[in-house]
Participant: 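Take this structure, written in structure tokens, and hold onto it; I'll ask about it next.
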Amino acid sequence: MTRRKLVAGNWKMHGLAADLREIEAIAAAAAQNPEVDVAMCVPAILIERAVRAVPRFAIGAQDVHHAEKGAHTGCTSAAMLVDAGARLTIVGHSERREGQRESDDEVRAKATAGLAAGLDVILCVGESLPVREAGDAVATVAAQLDASLPANSERLAIAYEPIWAIGTGKVPTVDDIAAMHSALRSRLVAAFGASGQAVRILYGGSVKGSNADEIFAVADVDGALVGGASLAAADFIPIIEAAARG
Ligand code: PEP
């Protein structure tokens, strides 16, 4: 099955209003590469301004609360993200699974809430270095995926992000990426039947313009989730162009 590639940036806790000019340049490059879906997940407080700056470009959030509303100080609901103009949200990023101790159950509830509100959802999974070194990466990440999946696969994408590759400059071998993405595809088909073939599986972890071609050539790699290299248009645009080539 052919799946359109998706290149999504994750600004994490970076970015002020002045940095929106980077998104303007990225949106212009995305428009020149219409065969690729491109999105940028910015800090929640920047979403509305980013949407105003680039109304035709997909702006997303980095997290969403699972509840519709209520006594959850500091949190943001899916309806609030939609109201601000977001089209997608990341859930289950390892920095939240670790830093905010988010469980698989919570990640599944967040994904369910995002999809129910009409957002596209990028659900992150990935193993730690000790798990990789113990040879348990595929089994661990497959189990994490099974436990985090929402009931509905429409508008869902998965991001495989080995924790040890995030922001480190280290990247798994193409064989290791292929083995993981193939295992995740099998789990998606087991969960959703034929619809599991349509779910995009992104790779994330130190993707740059210099390694993107090689990564996008791997079977079942349907795009990338990009942290550090998404902050500047000059770094991100070559990744969009690599996705358009491959
Ligand atoms: C991320 O945080 O999702 C990520 C992939 O970061 P980086 O590209 O900086 O490794």
Side-chain angles (χ1 to χ4, degrees), residues 5-15 19 22-23 26 29 36-44 46-47 50 58-64 86 88-102 107 110-111 114 119-129 131-132 137 141 144-145 148 156-174 176-177 180-181 184 200-216 218 220-243 246:
K5 286 211 167 36
L6 167 62
V7 178
N10 172 14
W11 271 15
K12 311 193 185 191
M13 200 170 73
H14 298 285
D19 299 305
E22 299 298 328
I23 296 188
I26 288 165
V36 180
D37 291 333
V38 184
M40 190 62 73
C41 297
V42 299
L46 271 186
I47 290 173
I59 296 294
Q62 300 168 10
D63 181 46
V64 62
L88 70 152
T89 186
I90 297 170
V91 298
H93 193 284
S94 60
E95 288 156 14
R96 294 198 61 85
R97 287 180 183 265
E98 288 189 339
Q100 274 68 40
R101 298 183 191 203
E102 288 186 2
V107 172
K110 285 172 181 241
L119 293 167
D120 291 359
V121 168
I122 300 176
L123 192 169
C124 302
V125 291
E127 82 283 0
S128 64
L129 189 55
V131 168
R132 166 66 56 183
V141 176
Q144 195 183 34
L145 181 74
S148 309
L156 178 69
I158 306 302
Y160 165 54
E161 298 209 307
I163 297 167
W164 52 272
I166 294 177
T168 60
K170 294 183 190 155
V171 177
T173 65
V174 289
D176 285 342
I177 296 175
M180 184 65 78
H181 280 233
L184 296 180
R200 292 185 281 201
I201 308 176
L202 316 182
Y203 168 78
S206 296
V207 177
K208 306 183 189 76
S210 55
N211 60 19
D213 279 304
E214 191 181 28
I215 292 169
F216 290 148
V218 176
D220 271 308
V221 171
D222 306 312
L225 182 57
V226 182
S230 71
L231 295 174
D235 295 328
F236 195 60
I237 291 170
I239 301 173
I240 299 172
E241 291 169 345

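Indexing begins at 1, ligand by ligand and atom by atom, following the structure's order.
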Participant: Backbone N or O of V141 within a donor-acceptor pair of the E127 side chain at under 3.5 Å?
Facilitator: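 Not confirmed, E127 side chain does not pair with V141 backbone.
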Participant: Please identify which atoms of ligand 1 are closer than 4.0 Å to at least one heavy atom of S206.
Facilitator: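 The atoms of ligand 1 under 4.0 Å from a heavy atom of S206 are 7 (P), 8 (O), 10 (O).
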Participant: Does any part of the side chain of R96, heavy atoms only, come nearer than 4.5 Å to the side chain of R101, both counted from C-beta?
Facilitator: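 A side-chain contact is absent here, since even the closest heavy-atom pair is not under 4.5 Å.
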Participant: Could you list which atoms of ligand 1 come closer than 4.0 Å to a heavy atom of G167?
Facilitator: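 Reading through ligand 1 atom by atom, the close ones are 7 (P), 9 (O), 10 (O).
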Participant: Give the single entry among Q62, K170, H93 that approaches atom 1 (C) of ligand 1 most closely by any heavy atom.
Facilitator: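 That would be H93.
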Participant: Would you sort out whether Q62 and W11 count as a side-chain hydrogen bond (donor to acceptor under 3.5 Å, both in side chains), showing the intermediate values?
Facilitator: CA-CA 8 Å; Q62 300 168 10; W11 271 15; over 6 Å; no
Participant: In terms of residue, atom name and distance, what is the protein heavy atom nearest to atom 9 (O) of ligand 1?
Facilitator: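 The protein heavy atom lying closest is G228 N, 2.8 Å.
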Participant: Are the side chains of I163 and L129 in contact, using a 4.5 Å heavy-atom criterion?
Facilitator: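 No. Closest side-chain heavy atoms not under 4.5 Å.
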Participant: Show which atoms of ligand 1 fall inside a sub-4.0 Å distance from at least one heavy-atom site of N10.
Facilitator: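 Counting from 1, the qualifying ligand atoms are 2 (O), 3 (O).
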Participant: Using a 4.0 Å heavy-atom cut-off, which part of I166 comes near ligand 1: side chain, backbone, both, or neither?
Facilitator: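 Both backbone and side chain of I166 come within 4.0 Å of ligand 1.
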Participant: Salt bridge check: are D63 and K110 linked by an N-O gap of less than 4.0 Å?
Facilitator: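 Yes, charged N to carboxylate O under 4.0 Å.
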Participant: Considering only protein heavy atoms, which is closest to atom 3 (O) of ligand 1, and at what distance to one decimal place?
Facilitator: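 That would be E161 OE2, 2.7 Å.
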Participant: Looking at atom 4 (C) of ligand 1, what's its closest protein heavy atom, distance included?
Facilitator: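 The closest one turns out to be G227 N, 3.5 Å.
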Participant: First locate atom CE of M180, then atom CD1 of I158, and finally report the distance between them rounded to the nearest 0.5 Å.
Facilitator: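 One gets 13.0 Å once the value is rounded to the nearest 0.5 Å.
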Participant: Just to check, does G205 reach to within less than 4.0 Å of ligand 1 when the distance is taken from its heavy atoms?
Facilitator: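 Per 4.0 Å heavy-atom rule, G205 contacts ligand 1.
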Participant: Considering the heavy atoms of A165, write down every atom of ligand 1 situated less than 4.0 Å from one of them.
Facilitator: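 In order of numbering, the contacting atoms are 10 (O).
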Participant: Once the angle between the rings of Y160 and H181 is folded into 0 to 90°, is it parallel (under 30°), tilted (30 to 60°) or perpendicular (over 60°)?
Facilitator: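 Taking H181 first and then Y160, their aromatic rings stand perpendicular (interplane angle over 60°).
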